[in-house]
Amino acid sequence: MQIDSDIFPSYDLAPGRVLAVESSCDETAAAVVENGRIIHSNIVASQASLHAQYGGVFPEVASRQHIRVIYSIIEQSLKKAHVSLGDLDAIAVTRGPGLPGSLVVGVNIAKGLAIASGLPLIGVNHLEAHLYSAWLYEVGQQPKLEIEFPLLVLIVSGGHTELVLMEDHLKYRSLGMTLDDAAGEAFDKVARLLNLEYPGGPSIQKAAENGNADAFDFPRAWLEGNWNFSFSGLKTAVLREIQKIKASRRPIPVQDIAASFQKAVVDVLVGKTIKAAEEFSAKHILVAGGVSANRCLRQEFQERSKYPLHIPSLDLCTDNAAMVAAAGYHRFTRGQRDNMAMDVLPNWPIAEL
Ligand code: KG4
Ligand code: ZN
């Protein structure tokens, strides 16, 4: 394995190679990452097609599928990185938040690997992992622009919408979160209303491509005076519109509704994030989590943000283990060690870190 330790110009950290395991929802993943940044392997097995028939993640099916494939995914990630356990410095695993039955699969296999190898075990918060995805790059490449603190972070995933001020590595101040549905959850629920396939985010994005984003004036919950979000009113407005159109026996303009809904979500996410960056004098903005794969969101940030912007590449936006290795590396170098009694934390807010 190629070693590149000269990548922290302003941040004095020991070199370290981490194997990480991720199984918090419906992706089974394993990765080998060096120094929290260089991806040597990043293997992801998505269960999306398995859950599509249910219109969402079926927890029992998810945990059983993790058990079926996780050994092979870990083997593949070690093989692709050309390493064995003896070449590594730590084993990181997503401890939460996520589906309890799914988390247990990853945590137990990570414990087994830690016992077998004698390597330290590091439990990682999935949201912290998402934000560390922005530091990753493929072996042989270089980061385009170094990330600077204070950093305004927007995490938008299937289960979370969080606005966080990051003053340094591992130092977070939670500014706001969703009061009801997460942004990704809103995409998934509205996709279901429109009879679009799960996962809803990519389906809405695709349908929206040929739609008119101004066709419907859906509500934007700005929640002035705080940094929280709310998407349930928007979801209800979409439902009412669909009911109204159905009652009048007109065809549902799926593309226009998808585009107008997407625009409403993106408007609020981008608007509030940029406002918070101004308010808290952030140097850079970082956007991460599954919804950060959304083309409209990425474009809107590029156009409206005067702050240097960090959004992970598309394959690192959705769940993967490289991001868990990145966050795990920082926890490892700061001395975190977990033991065999480590339990999963299905609800684990970033504010508790
Ligand atoms: O981060 P993630 O893979 O899993 C969680 O930690 O939740 O995020 C999954 C969420 C789903 O709600 C999915 O619909 C959404 O991210 N998503 C998208 C896109 N790709 C995935 N939402 C909007 N546009 C996309 N292109
Ligand atoms: Zn996630």
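Order of listing sets the numbers, starting from 1, for every ligand and every atom in it. These numbers come from a predicted model, not from an experiment. These numbers come from the heavy atoms of this one structure, side chains and all, not from hydrogens, waters or symmetry mates.
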Shortest protein contact, atom 26 (N) of ligand 1 (heavy atom only): Gln205 OE1, 3.0 Å
Numbering as shown, the atoms of ligand 1 that approach Gly158 to under 4.0 Å (heavy-atom distance): 5 (C), 7 (O), 8 (O), 9 (C), 10 (C), 12 (O)
The single option from Leu193, Val266, Leu234 passing side-chain contact (heavy atoms from CB on, under 4.5 Å) against Phe261: Leu234
Within-shell test, His130 vs ligand 1, heavy atom, strictly < 4.0 Å: yes
Heavy atoms of other groups near Tyr71 OH, more than 12 under 6.0 Å: no
Whether His330 and His169 hold their rings parallel, tilted or perpendicular, with breakpoints at 30° and 60°: parallel
Numbering as shown, the atoms of ligand 1 that approach Gly159 to under 4.0 Å (heavy-atom distance): 7 (O)
Within-cut-off N or O pair, Phe187 and ligand 1, under 3.5 Å: no
Residue, atom name and distance, where the atom is the protein heavy atom closest to atom 21 (C) of ligand 1: Gly290 O, 3.4 Å
Heavy-atom nearest neighbour of atom 12 (O) of ligand 1 within options Asp188, Leu297, Thr94, Asp26: Asp188
Reference residue Ser230; test side chain to side chain donor-acceptor pair (under 3.5 Å); the match among Asp180, Thr178, Asp181: Asp180
Residue-ligand contact His126/ligand 1, heavy atom below 4.0 Å: yes
Glu60 atom CD, over 12 foreign heavy atoms within 6.0 Å: no
Pro202 heavy atom under 4.0 Å from ligand 1: yes
Residues, nucleotides or ligands: over 12 heavy atoms within 6.0 Å of Asp217 CG: no
Among Thr318, Asn125, Asp319, the one residue meeting side chain to side chain donor-acceptor pair (under 3.5 Å) with His130: Asp319
Parallel, tilted or perpendicular: rings of Tyr54 and His51 (30°, 60°): tilted
Distance from atom 24 (N) of ligand 1 to nearest protein heavy atom, with residue and atom: Asn294 ND2, 3.0 Å
Atoms of protein origin (N, O or S) under 2.8 Å from the Zn ion (ligand 2): His126 NE2, His130 NE2, Asp319 OD1
Main-chain N/O of Leu121 paired to Arg337 side chain as donor or acceptor, under 3.5 Å: no
Nearest protein heavy atom with distance in Å, relative to atom 2 (P) of ligand 1: Asp319 OD1, 3.3 Å
Tyr307 side-chain N/O to Glu278 backbone N/O, donor-acceptor pair under 3.5 Å: yes
Any side-chain donor near an acceptor of the partner, Glu22 and Ser24, under 3.5 Å: yes
Heavy-atom neighbours of Arg298 CZ exceed 12 at 6.0 Å: yes
Top protein contact for atom 18 (C) of ligand 1, by heavy-atom distance: Gly201 CA, 3.4 Å
Numbered atoms and elements of ligand 1 in range of Gly184, under 4.0 angstrom, heavy atoms: 12 (O)
